[in-house]
A.B. asks: 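Would you mind keeping the following structure in view while I ask a few things?
For the numbers below, each heavy atom of this structure counts, side chains included, while hydrogens, waters and symmetry mates do not. By convention in this document, chain letters (A, B, ...) are assigned in the order of the sequence lines, proteins followed by strands, and residues within each chain are numbered from 1.
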There are 2 protein chains.
Amino acid sequence: MSTVFLAKNKLIIIYGASLALLLLILKWLEYRFVVVSHSFEIYIGGIALIFMGLGIWLALKLAKPKVETVIVEVEKEVFINSNPDFVFNEAELEKLGISKRELEVLQLMSAGLSNNEIAEKLFVSLNTVKTHSSKLFEKLDVKRRTQAIEKAKRLSLIQ
Amino acid sequence: MSTVFLAKNKLIIIYGASLALLLLILKWLEYRFVVVSHSFEIYIGGIALIFMGLGIWLALKLAKPKVETVIVEVEKEVFINSNPDFVFNEAELEKLGISKRELEVLQLMSAGLSNNEIAEKLFVSLNTVKTHSSKLFEKLDVKRRTQAIEKAKRLSLIQ
DNA sequence: CTTAAAATCACCCTTAAGTATGAAGGAAAA
DNA sequence: TTTTCCTTCATACTTAAGGGTGATTTTAAG
């Protein structure tokens, strides 16, 4: 308890001790002043210097440290896989009669997946994916998946 | 020149002026001391307070600020699908070692053309297109043309 | 409760895509 | 001048993609 008290009030104790020491020096200087009567300016100068030093020390110890914040900008590239100004063209989707599952297949096609990978991802057979893609090509009036991707992107059916 | 000098030595000038003012106060207090002979302690206390204040002010003014480095990660959004502000990533193209002809094939692939159509358009044989596309896939580290298109768009190699 | 569309899957077949390997001419760099 | 890369093309082969047809089950709408 007492050690904690000492540690917490360390600065105050040091400051108090310093003041006591200063008073002693003052008394001694006063005595000297009485003996050597014409050293008044030196005495005042000493007091001034000591208290200025104390002020500096106090300020440096107690003042909140000035913090100069240096902002280092670290560029972190974030690839956005979605166009911010992408608006899904639901009207066109309905107009073409493309179903939910077909759209899913289309999106995965566009991501570069093969029919087999799409089948695995959607937990259906390869044949199912082929059926979906075939119907998709009919509805989009295209012949290949690459054309389907190009057209779907152009029509804002996919991002 | 003189204004610059004044600005640069502002602190020193202010400090000098403060010292001059203090000397005046000192002299005045000295006069008071002569008149009212028993106010010595008050005089000393005043000196002490003034110089301590000066010390504190000096310390606060002249103290070197602690430099705190704050690393701020600035997310640099890299949009890849937006057509209007498309910037061709030539650096990435060179980095991957993709040739002019390979880029042409890539662009036509992305437009939805088949290898045969690309061959016709570029007046080369189907085998040549296949060679180009194979090397393209190697360089892009992909396995299919749909993947190549997706990655190339992501890297801003094509629009 | 029908009915139609959607989703699922299968089989067979054709075509396209992609791999591997080799080769030859041309242009630019070492 | 040699070397390297690009471009071109060929053959043979494997795998993926796509078309056609038919069938079953599920789901949502009339």
A.B. asks: Atom NZ of A:K100 to atom P of C:dA5: distance rounded to whole Å?
C.D. replies: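 Computing the A:K100:NZ to C:dA5:P distance gives 17 Å.
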A.B. asks: So, taking the atom named CD in B:E104 and the one named OG in B:S99, what distance separates them when rounded to the nearest 0.5 Å?
C.D. replies: 9.0 Å
A.B. asks: Using whole Å, what does the distance between atom P of nucleotide C:dA7 and atom CG of A:L103 come to?
C.D. replies: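 Taking CG of A:L103 and P of C:dA7, I get 10 Å after rounding.
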A.B. asks: Can you tell me the distance, in whole Å, between the CD atom of B:E102 and the C1' atom of D:dC6?
C.D. replies: 8 Å
A.B. asks: Looking at OG1 of A:T146 and CG of B:L113, how far apart are the two atoms once the value is rounded to the nearest 0.5 Å?
C.D. replies: 7.5 Å
A.B. asks: Where the side chain of B:N115 meets the backbone of B:K130, is there a donor-acceptor pair that is under 3.5 Å apart?
C.D. replies: no
A.B. asks: Let me know the distance between NZ of A:K143 and P of C:dT14, rounded to the nearest Å.
C.D. replies: 18 Å
A.B. asks: Are the side chains of A:K95 and A:E92 in touch, meaning some heavy atoms are under 4.5 Å apart?
C.D. replies: yes
A.B. asks: Atom CD of B:Q147 to atom P of D:dA16: distance rounded to whole Å?
C.D. replies: 13 Å
A.B. asks: For the pair made of CE in B:M109 and C1' in D:dA16, what is the distance, rounded to whole Å?
C.D. replies: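 Spelled out: CE on B:M109 to C1' on D:dA16 is 14 Å.
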A.B. asks: Check whether any side-chain heavy atom of B:L140 sits under 4.5 Å from a side-chain heavy atom of B:Q147, and report yes or no.
C.D. replies: no
A.B. asks: Is there side-chain contact between B:Q159 and B:F88, with heavy atoms separated by less than 4.5 Å?
C.D. replies: no
A.B. asks: Tell me whether the side-chain N/O atoms of B:R144 come closer than 4.0 Å to OP1 or OP2 in C:dG18.
C.D. replies: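 No, no such contact exists.
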A.B. asks: Would you tell me if any nitrogen or oxygen in the side chain of A:H132 comes within less than 4.0 Å of OP1 or OP2 on C:dT8?
C.D. replies: yes
A.B. asks: Quick one, B:E102 with B:K139, criterion salt bridge (charged side-chain N to carboxylate O under 4.0 Å, His left out). Give me CA distance, side-chain angles, the key distance, then yes/no.
C.D. replies: CA-CA 10 Å; B:E102 285 161 359; B:K139 289 172 181 176; 2.9 Å; yes
A.B. asks: I need the CZ-P distance between B:F137 and D:dT15, as an integer number of Å.
C.D. replies: 17 Å
A.B. asks: Sub-3.5 Å donor-acceptor pair from the side chain of A:N89 to the main-chain atoms of A:L155, do we have one?
C.D. replies: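 Here the side-chain-to-backbone pair exists.
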A.B. asks: In whole Å, what is the span from the CG atom of B:L136 to the P atom of C:dA17?
C.D. replies: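 In whole Å, C:dA17 P lies 14 Å from B:L136 CG.
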A.B. asks: Just call it for B:S134: base, sugar-phosphate, or nothing, with non-hydrogen atoms closer than 4.0 Å on any strand.
C.D. replies: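 Result for B:S134 = base.
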A.B. asks: Hey, could you give me the CD/OG distance between A:E138 and A:S133, rounded to the nearest 0.5 Å?
C.D. replies: 10.5 Å
A.B. asks: Reckon B:S133 has a side-chain N or O less than 4.0 Å from the OP1 or OP2 of C:dA17?
C.D. replies: no
A.B. asks: When you measure from every atom of DNA chain D, which of residues 115-130 of chain B have a heavy atom less than 4.0 Å away?
C.D. replies: B:V124, B:S125, B:N127, B:T128
A.B. asks: Nucleotides 21-30 of chain C: which of its N/O atoms have a protein N/O under 3.5 Å away?
C.D. replies:
none

